[in-house]
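So the structure is just underneath, and the comments pick up after that.
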Amino acid sequence: MIDSLKGQLYDWQYGRNIIKGFINELSEADLDKPFPRKNLNSLRKQCVELIQIQSCYVNALNTRKIQFEYDSILDTSKLSLLSRMDALDTHLVEYLEPFDGSETIDWFGEQWNIHRHISAMIGHEQMHIGQIVAFCYAVGIQIPEEIKRTMALSD
């Protein structure tokens, strides 16, 4: 794998570890506490959506075409969410290993360089992290200490 993709994977892991930290450290009640949002109105629901969307990005590495079609996730237990994230991350690394940076993904008729594709995936995850942090402050969910340190958050 080329160094630029390795760098993007490092950035990906930073955000993914924050999401996994929320799943690991928060109680079941906090994962399901309602947020002031219409549909993805809990941390657990946001995590499910992150998995579904990442699966589309990872599948596109094989098909060379993005399609936002994914399966429902019935088991949303902590263990299942973490397992699915780990499996997708493993596939992500495996699929990117032979890439030389010249690959493109068809984004609805527009050819996106592989770096742009991965950046979009990272951006999506980061946007949700920002929402989750803001919602935690808004509804009184205590942000885990490790995440506060990692992100330099205050109380």
Practice task
Rounded to the nearest 0.5 Å, what's the gap from CD1 on I23 to CG on L43? Could you check?
Solution key: 7.0 Å

Problem - Closest non-hydrogen atom pair between K65 and A60, with its separation - result: O-CB, 3.5 Å

Problem - Non-hydrogen atoms of I73 and I51 that approach each other most closely - result: CD1-CG2, 3.6 Å

Problem - F22 and V133: CA distance, side-chain angles, deciding distance, side-chain contact (heavy atoms from CB on, under 4.5 Å) verdict - result: CA-CA 10 Å; F22 276 112; V133 167; 4.1 Å; yes

Fill in the blank from the handout: Between the CD atom in E69 and the SG atom in C56, the distance rounded to the nearest 0.5 Å is 8.0 Å

Practice task
Please determine if D75 and R84 form a salt bridge, counting it only when a charged side-chain N lies under 4.0 Å from a carboxylate O.
Solution key: no

Handout entry: L153 side chain reached by Y137 side chain, heavy atoms, under 4.5 Å
Key = yes

Exercise for the section: Any chance you could measure N62, atom CG, to Y95, atom OH, to the nearest 0.5 Å? Expected result: 4.5 Å

Exercise for the section: Please answer: with hydrophobic residues joined when any side-chain heavy atoms are less than 4.5 Å apart, are L79 and I19 in the same cluster? Expected result: no

Practice task
Assess whether side-chain contact (heavy atoms from CB on, under 4.5 Å) is satisfied between Q46 and Q131, documenting all intermediate values.
Solution key: CA-CA 9 Å; Q46 293 230 349; Q131 284 186 7; 2.9 Å; yes

Practice task
Verify, without hydrogens or angle tests, whether T90 (side chain) and D86 (backbone) share a donor-acceptor contact under 3.5 angstrom.
Solution key: yes

Fill in the blank from the handout: Of all heavy-atom pairs linking I129 and G15, the shortest is CD1-O, 3.4 Å

Practice task
Might you point out which heavy atoms bring G21 and P144 nearest each other, and give the distance in Å?
Solution key: O-CG, 4.3 Å

Practice task
Mark yes or no for whether Q52, through its side chain, and D71, through its backbone, hold a donor-acceptor pair below 3.5 Å.
Solution key: yes

Fill in the blank from the handout: The reported gap from CZ in R64 to OG1 in T104 (rounded to nearest 0.5 angstrom) is 7.5 Å

Problem - Residues H128, L40; criterion side-chain contact (heavy atoms from CB on, under 4.5 Å); working and verdict - result: CA-CA 10 Å; H128 278 281; L40 299 177; 3.9 Å; yes

Handout entry: Pairs touching residues 1-18 that satisfy salt bridge (Lys or Arg N to Asp or Glu O under 4.0 Å), sequence neighbours left out
Key = R16-D89, R16-E125

Handout entry: Co-membership, hydrophobic cluster, residues M121 and M127, 4.5 Å side-chain
Key = no

Exercise for the section: Verify the cluster assignment for I122 and Y10: are they in a single hydrophobic cluster under the rule of side-chain heavy atoms below 4.5 Å apart? Expected result: no

Fill in the blank from the handout: In terms of heavy-atom contacts, L88 and V58 come closest through O-CG2, 4.1 Å

Problem - From CA spacing to verdict: side chain to side chain donor-acceptor pair (under 3.5 Å), K45, N41 - result: CA-CA 7 Å; K45 287 179 184 176; N41 62 347; 2.9 Å; yes

Exercise for the section: Report yes if the side chains of L96 and I118 come closer than 4.5 Å at any heavy-atom pair, otherwise no. Expected result: yes

Problem - Shared hydrophobic cluster for L74 and L82 (ILVMFWY, side-chain gaps under 4.5 Å) - result: no

Problem - Cluster overlap F99 with W107, hydrophobic side-chain contacts below 4.5 Å - result: yes

Completion exercise
Rounded to the nearest 0.5 Å, the NE2 atom of H115 sits from the CD1 atom of I105 at a distance of 12.0 Å

Exercise for the section: Determine whether N59 and Y70 make a side-chain contact, defined as any pair of heavy atoms from C-beta on separated by less than 4.5 Å. Expected result: no

Practice task
Look only at the side chain of Q54 and the backbone of M85, and say whether a donor-acceptor pair between them is shorter than 3.5 Å.
Solution key: no

Problem - Residue pair I132, I141: steps toward the side-chain contact (heavy atoms from CB on, under 4.5 Å) verdict - result: CA-CA 10 Å; I132 289 167; I141 295 172; over 6 Å; no

Problem - Closest heavy-atom pair and its distance - V139, P36 - result: CG1-CD, 3.8 Å

Completion exercise
Output for pair (I147 CD1, C136 SG), nearest 0.5 Å, gives 8.0 Å

Exercise for the section: Would you kindly say whether H117 and E103 are connected by a side-chain donor-acceptor distance under 3.5 Å? Expected result: no

Problem - D32 side chain to R44 backbone, donor-acceptor under 3.5 Å - result: no

Handout entry: Any donor-acceptor N/O pair, K78 side chain to L26 backbone, under 3.5 Å
Key = yes

Exercise for the section: Would you check if L9 and M1 make a side-chain contact, meaning some heavy-atom pair closer than 4.5 Å? Expected result: yes

